[in-house]
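Working notes, structure below.
Protein chains get the first letters and strands the later ones, always in sequence-line order, with residue 1 at the start of each. Atoms considered below: every heavy atom in the structure, side chains included; atoms not considered: hydrogens, waters and symmetry mates.
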2 protein chains.
Amino acid sequence: MARVSIKDVANRLGVSTATVSLVLNGKDKDGRVSENMAEKIRKEAKAMNYKPNNFARALRSGRSETIGLIIADISNPFFSHLAFHIQEHAERFGYSVIITNTNEDTAKMGKMISVLKSRQVDGFIIVPTENGKKYIDELLQDQFPLVLLDRYFSGINVSYVGVNNFQASMQATDYLLKCGCKRIALVIYKTNLRHMQERRDGYVAALAKYDLYDSRLIKEIDYRTIVNDMNRVVFDLMAGKEKIDGFFFSTNTISTLGLKKLAELNIKTPDDIKAVCFDKNDAFDFPGIAIPFVQQPIHEMGKRAVELLIEQMTRQQVLPVHEELTAILNKFS
Amino acid sequence: MARVSIKDVANRLGVSTATVSLVLNGKDKDGRVSENMAEKIRKEAKAMNYKPNNFARALRSGRSETIGLIIADISNPFFSHLAFHIQEHAERFGYSVIITNTNEDTAKMGKMISVLKSRQVDGFIIVPTENGKKYIDELLQDQFPLVLLDRYFSGINVSYVGVNNFQASMQATDYLLKCGCKRIALVIYKTNLRHMQERRDGYVAALAKYDLYDSRLIKEIDYRTIVNDMNRVVFDLMAGKEKIDGFFFSTNTISTLGLKKLAELNIKTPDDIKAVCFDKNDAFDFPGIAIPFVQQPIHEMGKRAVELLIEQMTRQQVLPVHEELTAILNKFS
DNA sequence: CTGAAAGCGCTTACAG
DNA sequence: CTGAAAGCGCTTACAG
């Protein structure tokens with residue numbers, strides 16, 4: 001149980017700790033240490049089962065080899081998968097990930113940043129909450145390596161990985177139009193987060209082309225009262241005098257609740273009404289519930305976020321990058 | 001950006017770092033430091049925005065205030081919720097959690113233990129994989145604080161938090177019996193993990209009471225080929241000459257696939273066949289899919305696992321505890 | 001090519 | 001009641 005230190009290895013071989021450290025960190029090239037000695041050291045370290053003490057290393061180097069991840073809602077499968085891929089990928093580069101959750105609460109996001117700072121993470125990957133811009137600004141001011149994921153703010157110069165929300169939403173709306181829908185409702189969060197506005201814009205653009213845009217068909221709901229809001233919205237749209245013939249649900253959670261309400265009202269898709277949504281849901285595995293959805297490249301999103309962050313952490317002065325990956329409509333075809 | 005160290009605070013006040021450290025760690029009672037000085041130190045530390053360097057502290061103390069969590073499948077909502085609650089609760093005690101995932105792969109579990117060891121976590125919470133007993137044995141031998149979660153092995157003396165699988169399964173099976181079912185099939189993983197065997201035993205016990213037990217109705221499937229296996233099993237049971245009138249799906253994932261296959265075959269629950277399952281699934285929110293399910297106290301499970309682990313980490317020589325929480329059948333009533 | 005030494009920031013026995 | 005000093009395990013200029 002007693003850990004083997006670099007000193008133990010050095011003593012055993014009658015060399016200095018400096019030499020051992022150099023070799024074990026692969027800095028023995030450029031003629032610093034003889035190949036003969038290096039080999040002996042590597043062998044002995046392995047034999048003694050030497051494991052470096054990360055705290056000593058971190059204390060010395062000021063780097064923890066740890067990434068702080070802040071996501072908005074771990075119970076949402078989109079985010080839990082994202083977290084999974086981020087971790088898998090970080091691991092490959094020798095980084096650990098500390099995952100934290102905000103429940104879409106900005107104060108909590110501030111708190112999680114503090115927690116992760118006190119854990120001395122080397123950098124952050126953040127899915128920010130609606131009013132979290134000020135915290136992001138602070139991190140940037142303090143020069144923390146940082147990548148925003150899924151969502152971003154305008155007027156801020158920071159790396160970001162997301163998808164082509166505008167294009168994908170337009171594609172989803174186009175699909176409904178091709179199905180013959182004339183009156184398509186959009187259900188979306190009331191928020192100023194850019195990615196949501198882009199989804200809205202894509203919807204508007206698609207409808208405008210055919211002169212079918214009607215602002216009254218955009219229904220904004222609140223994350224905090226989502227269940228009631230969804231029930232009301234779906235009921236209103238279906239019971240209203242002006243009949244709706246298509247639904248665009250703009251997120252995973254919205255679609256789940258929307259479809260549930262439709263099922264309760266005994267309205268079937270796609271027979272009674274057409275629907276598409278952004279993101280996949282487990283329930284879509286069921287024949288009666290399946291609707292076309294915009295599929296985000298979750299694996300790739302996690303991968304790129306990690307890569308961009310590591311670049312920031314290991315090089316000096318990296319310019320912020322906006323990376324827009326391609327999400328496409330999955331029609332179950 | 002330059003961090004304030006304990007020395008900076010000490011210098012400013014003209015005292016020693018020892019005194020500052022004592023005060024800031026709340027060890028200034030027992031007449032070690034004058035209340036006057038202590039107050040001055042606390043004030044100054046705050047004013048200078050002093051934050052302790054965790055690495056230095058960990059290096060000195062040998063403790064990282066970090067918990068390593070190893071779960072079997074983060075994409076399963078049961079586990080992602082569990083991870084969430086564990087983290088929330090650990091946070092309250094000042095511990096961070098590093099979450100890792102094994103995908104039910106024993107070799108990966110071994111690797112994750114290494115990774116977490118090299119991160120010098122103070123203790124482990126583990127949802128072990130089927131053949132992972134040897135790794136658990138090793139951890140115990142090395143005296144690592146450890147709590148198994150959800151699953152355990154027999155013949156091993158280790159703390160464990162789980163649910164009353166036997167009772168809950170009996171209750172679930174009883175429910176089907178009360179619905180009038182006579183031929184109830186159990187679909188379960190082929191595994192030697194104790195918690196699965198308990199679920200099986202509960203099913204058997206309930207049926208045996210009414211002389212309805214028939215071993216041919218227990219269908220074992222393999223996690224790695226689950227999709228094919230489920231399709232085959234459900235098809236066979238429904239198409240077989242001896243008609244089944246009830247299904248007990250023993251996990252979340254099994255039930256999702258089972259229900260999906262039933263839907264494909266156009267067999268409806270509860271009209272055409274009765275079904276119950278262990279664990280909840282998001283899809284159950286939908287009217288057509290809802291079936292009664294055994295509800296595990298996820299929040300409480302996470303909470304207790306953290307509490308038991310912290311007890312082990314902070315006290316010497318704590319005896320292993322088996323804690324069986326109560327899961328009950330949720331009938332959507 | 002290799003070693004002696006300083007120092008990262010903290011805690012804790014020890015001395016006074 | 002308070003300070004001087006050692007040491008946790010590592011890395012990295014510096015000296016030879």
Side-chain angles (χ1 to χ4, degrees), chain A residues 1-42 44-45 48-66 94 117-120 122 314, chain B residues 1-42 44-45 48-66 94 117-120 122 314:
Chain A
M1 191 54 185
R3 283 181 79 105
V4 176
S5 79
I6 221 170
K7 206 161 133 197
D8 299 326
V9 179
N11 283 345
R12 179 92 72 133
L13 258 38
V15 299
S16 78
T17 60
T19 307
V20 176
S21 172
L22 248 27
V23 170
L24 263 26
N25 286 294
K27 297 190 179 156
D28 55 323
K29 308 301 168 196
D30 26 294
R32 307 269 290 105
V33 180
S34 69
E35 185 46 46
N36 197 359
M37 183 84 269
E39 191 48 38
K40 244 164 68 184
I41 289 174
R42 277 191 286 267
E44 188 60 30
M48 295 176 74
N49 192 27
Y50 166 75
K51 304 272 187 224
N53 181 317
N54 284 307
F55 300 133
R57 187 177 267 174
L59 176 59
R60 198 38 239 245
S61 69
R63 302 172 33 81
S64 64
E65 320 278 295
T66 303
K117 268 187 186 168
S118 89
R119 289 279 154 190
Q120 282 151 286
D122 293 338
T314 51
Chain B
M1 189 56 184
R3 283 182 80 105
V4 176
S5 78
I6 221 170
K7 204 161 135 196
D8 299 326
V9 178
N11 282 346
R12 179 91 73 131
L13 258 39
V15 299
S16 77
T17 59
T19 306
V20 175
S21 171
L22 248 27
V23 170
L24 262 26
N25 286 294
K27 297 192 179 155
D28 55 323
K29 308 300 166 196
D30 28 293
R32 307 269 290 105
V33 179
S34 70
E35 185 45 47
N36 197 357
M37 184 83 269
E39 192 48 38
K40 243 164 70 183
I41 289 173
R42 277 191 285 267
E44 189 61 28
M48 296 176 75
N49 191 29
Y50 167 74
K51 304 272 186 224
N53 181 317
N54 283 307
F55 299 133
R57 187 178 267 174
L59 176 58
R60 196 43 238 244
S61 68
R63 301 172 35 80
S64 64
E65 321 276 296
T66 303
K117 268 186 185 169
S118 89
R119 288 281 152 190
Q120 283 151 285
D122 292 338
T314 50

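- Across residues 5-21 of chain A, A:Gly14, A:Val15, A:Ser16, A:Ala18, A:Thr19 each have a non-hydrogen atom less than 4.0 Å from an atom of DNA chain C (numbered order).
- We find that CZ of B:Phe55 is positioned 14 Å from C1' of D:dG9, with the value rounded to whole Å.
- Taking the side chain as every heavy atom from C-beta outward, B:Glu44 and B:Val15 never approach each other to under 4.5 Å.
- Closest to the side chain of A:Leu59, out of C:dC8, C:dC10, D:dC10, is C:dC8.
- Across the protein-nucleic acid pair, B:Asn36 atom CG and D:dC1 atom P stand 11 Å apart, rounded to whole Å.
- Distance CG (A:Asn25) to P (D:dC10): 10 Å, rounded to an integer number of Å.
- Proximity of B:Thr66 to B:Arg119: side-chain heavy atoms (C-beta onward) are nowhere separated by under 4.5 Å.
- Atom-to-atom distance recorded for B:Ser16:OG and B:Leu22:CG is 8.5 Å, nearest 0.5 angstrom.
- In this structure, the side chains of A:Tyr50 and A:Val20 stay at 4.5 Å or more apart for every pair of heavy atoms.
- Counting to the nearest Å, the P atom of D:dG9 and the NZ atom of A:Lys51 are 17 Å from each other.
- No donor-acceptor pair closer than 3.5 Å links the side chain of A:Gln120 to the backbone N or O of A:Ser64.
- Taking side-chain N and O atoms only, B:Asn53 has no distance below 4.0 Å to OP1 or OP2 of C:dC8.
- Whole-Å rounding puts the B:Arg63 CZ to C:dT12 P distance at 11 Å.
- A donor-acceptor pair under 3.5 Å is absent between the side-chain atoms of A:Asn11 and the main chain of A:Asp8, judged by distance alone.
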- Note on the structure: Dot-bracket for DNA chain D, 5' to 3', Watson-Crick and G-U pairs with both distances under 3.5 Å, [ ] for crossing pairs, | for partner on another strand, reads |||.||||||||.|||

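- A:Asn25 has its side chain within reach of A:Arg57: a pair of non-hydrogen atoms, C-beta onward, lies under 4.5 Å apart.
- For the pair B:Arg60 and A:Met37, nearest-nucleotide mapping onto DNA chain C gives the more 5' position to A:Met37.
- The side-chain heavy atoms of B:Asn54 and B:Glu65, taken from C-beta on, include no pair separated by under 4.5 Å.
- Under 4.0 angstrom from either OP1 or OP2 of C:dT11 there lies at least one side-chain N or O belonging to B:Arg57.
- Put simply, the side chain of A:Thr17 never gets that close to the backbone of A:Ile6: no donor and acceptor are under 3.5 Å apart.
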